[in-house]
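In listed order, ligands and their atoms are each counted from 1.
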Amino acid sequence: MRYISTRGSAPTLDFRDVTLAGLAKDGGLYLPESWPSFSAAQIAAMQGLSYVETAVAVMLPFVEGTLSEDDLRTLCTQAYGRFAHAAVVPLAQLDERNWLLELFYGPTLAFKDVALQLLGLLFERFLTGSTQQVTVVGATSGDTGSAAIDALAGRAGVDVFMLHPKGRVSDVQRRQMTTVIAPNIHNIALEDASFDDAQALVKAMFNDPAFSGKFALSAVNSINWARLMAQIVYYFYAAVRLGAPERPVAFSVPTGNFGDVFAGYVAAKMGLPVAKLIVATNVNDILHRALSAGDYSQGTVVPTPSPSMDIQVSSNFERLLFDLGGRDGHALADQMRGFETSKAMRLTNAQREGAAALFASDRIDLDDMALAMRWACEASGQVIDPHTAIGLAAARRADLPADVPIVTLATAHPAKFRDAVERATGQRPVLPARMGDLFEREERYASLPGTFEAVTAYIAERASAR
Ligand SMILES: Cc1ncc(COP(=O)(O)O)c(C=O)c1O
Ligand SMILES: N[C@@H](CCOP(=O)(O)O)C(=O)O
């Protein structure tokens with residue numbers, strides 16, 4: 001499989017190089033040059049497969065030419081062996097039509113582990129025995145950072161610099177990052193910054209050829225294709241358990257950077273019968289405005305109890321616009337440059353019509369989020385986190401035929417956001433025993449102004465030039 005950039009002028013890469021590359025050299029995002037597809041019979045054959053075997057079946061076409069089927073199976077067995085549930089990502093039923101896909105049984109209690117546990121092993125595999133060293137620069141609103149740090153701490157050949165907006169992540173999220181004291185892990189709290197500021201800094205570092213070349217930059221955010229590839233798997237895994245390929249299934253996805261739901265789009269492109277992908281945002285609603293009215297314009301980020309979705313520039317939306325717009329990299333590069341200058345953009349008719357065929361969207365405010373948390377408790381005794389609640393609120397008011405099951409992606413364990421959960425439900429979720437002594441551990445991080453100069457100087461002092 002070869003990978004191409006959304007902006008049409010970066011070199012095409014194989015799976016190994018795309019995994020280590022991060023942002024493409026033309027500022028675009030990589031994606032496969034064509035979508036692999038499965039027949040109904042091949043999807044039916046996934047019924048009854050374990051999570052690991054489903055992962056091998058779904059991901060094999062994407063790694064072709066770089067990893068053998070046995071290599072992929074070994075990596076998936078190791079990655080998903082760390083999950084604290086035999087099903088890896090179990091389904092829980094809420095009522096006749098609503099289901100939760102619980103994606104938070106990994107080491108850091110959020111769906112990011114599903115992809116990052118595998119990505120950590122892929123980095124190790126691709127760097128072991130080579131003289132290549134990489135510097136991972138990442139931006140996080142809490143969950144990517146903790147999952148990436150768990151996956152990469154202590155690994156040879158990789159330094160990690162993780163930027164989070166100071167004071168805008170939960171205490172559990174922050175401690176999961178800042179208490180990992182490994183020589184290759186560097187946490188940076190950006191003062192007076194949002195996640196968007198952190199993400200913009202990461203992209204600026206990639207777009208500075210001198211800096212990115214000198215330090216061999218690499219990415220763990222969902223700009224990295226391998227992140228999304230690993231997330232496609234659970235759409236197949238859930239849908240075949242609920243009757244696919246005979247029965248279409250809808251998914252409601254709490255959304256920020258559009259990575260998780262883009263993986264659902266890819267699953268549909270690969271032949272999975274997806275009735276609808278519901279894009280659920282909090283009040284930081286750029287994606288809802290884009291999908292419902294064609295208006296992709298950046299607002300000011302408002303801090304909410306679902307901090308991981310406090311995002312107003314959704315990186316992976318570019319991948320969707322590219323695919324829906326006929327994969328014209330030069331036209332998309334113009335459109336994205338316009339957005340970068342004016343902070344606003346209109347979707348083309350082709351993009352709007354293409355999106356409307358598969359996507360619905362909703363914006364969930366604080367009251368509706370809290371109502372969904374209380375409903376889940378009352379309907380089935382489930383305590384859910386604020387991000388999952390946003391997905392569930394959107395699922396419950398989606399306009400879909402009554403016989404279509406709706407799977408809400410449960411993206412984080414409620415204990416990661418225990419203050420917000422307690423405020424909404426009166427119940428304080430307890431951190432799983434495997435989180436051990438998180439609140440007793442020493443924290444270590446640097447506080448820096450959110451400027452390119454301050455952050456690159458900090459990285460340059462600590463990362464060795466390659
Ligand atoms: C708990 C949680 N839910 C939902 C999201 C949104 O996912 P995405 O950015 O892939 O849209 C995130 C962060 O990305 C998250 O950490
Ligand atoms: N919600 C994310 C933000 C980064 O998104 P990513 O999927 O692009 O890594 C987080 O928790 O850090």
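Any N or O atom pair closer than 3.5 Å counts here, and N316 shares no such pair with ligand 2. Taking only nitrogen or oxygen atoms, main chain and side chain alike, N257 reaches within less than 3.5 Å of ligand 2.
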What does the contact table look like for ligand 1 (nitrogen or oxygen on each side, cut-off under 3.5 Å)?
from	atom 1	to	atom 2	distance (Å)
ligand 1	3 (N)	T411	OG1	2.8
ligand 1	9 (O)	N257	N	2.7
ligand 1	10 (O)	G259	N	3.3
ligand 1	10 (O)	D260	N	2.9
ligand 1	11 (O)	G256	N	2.8
ligand 1	11 (O)	N257	N	3.2
ligand 1	11 (O)	F258	N	3.1
ligand 1	14 (O)	K112	NZ	2.4
ligand 1	16 (O)	D143	OD2	2.5
ligand 1	16 (O)	S308	OG	3.3

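Aromatic pair F417/H387: centroids less than 6.0 angstrom apart. With ring centers used as reference points, F15 lies 6.0 Å or more from F62.
N221 and Q199 form no side-chain donor-acceptor contact under 3.5 Å, judged by distance and modelled atom types alone. In this model, a donor atom of one side chain and an acceptor atom of the other lie less than 3.5 Å apart for N282 and T304. Side-chain atoms of D150 and T108 include no donor-acceptor pair closer than 3.5 Å. Under the 3.5 Å distance criterion, with hydrogens and angles disregarded, no donor-acceptor pair is assigned to the side chains of K343 and S297. Looking only at atom types and distance, the side chain of S194 has no donor-acceptor partner in the side chain of Q312 under 3.5 Å away.
Counting protein heavy atoms only, atom 11 (O) of ligand 2 is closest to D143 N, 2.8 Å. Scanning the protein for heavy atoms near atom 1 (N) of ligand 2, the closest one is S308 O, 2.8 Å. Of all protein heavy atoms, the one closest to atom 8 (O) of ligand 2 is S222 OG, 2.5 Å. Protein heavy atom nearest atom 12 (O) of ligand 2, with residue, atom name and distance: T140 OG1, 2.6 Å.
Near F195, the atoms of ligand 2 lying under 4.0 angstrom from a non-hydrogen atom of the residue are 3 (C), 4 (C). Counting atoms of ligand 2 from 1 in the listed order, those under 4.0 Å from a heavy atom of R227 are 6 (P), 7 (O), 9 (O). Below 4.0 Å from some heavy atom of G142 lie the following atoms of ligand 2, by number and element: 10 (C), 11 (O), 12 (O).
Considering only heavy atoms from C-beta on, W99 stays 4.5 Å or farther from L94 through its side chain.
Between F359 and Y265, the ring planes lie parallel to each other; the angle is under 30°, not in the 30° to 60° tilted range. A tilted orientation is assigned to the rings of Y296 and F339, their planes being inclined by 30° to 60°.
In summary, of the residues considered (L228, D260, T144), a side-chain contact (heavy atoms from CB on, under 4.5 Å) with S222 occurs for L228 alone.
Counting only non-hydrogen atoms, the option in S141, G256, A115 that gets closest to atom 3 (C) of ligand 2 is S141.
Taking a 4.0 Å cut-off on heavy atoms, K112 registers as neighbouring ligand 2. M309 does not count as a contact of ligand 2, since none of its heavy atoms falls under 4.0 Å from the ligand.
The neighbour count for R125 CZ, taken as heavy atoms of other residues, nucleotides or ligands under 6.0 Å away, does not exceed 12.
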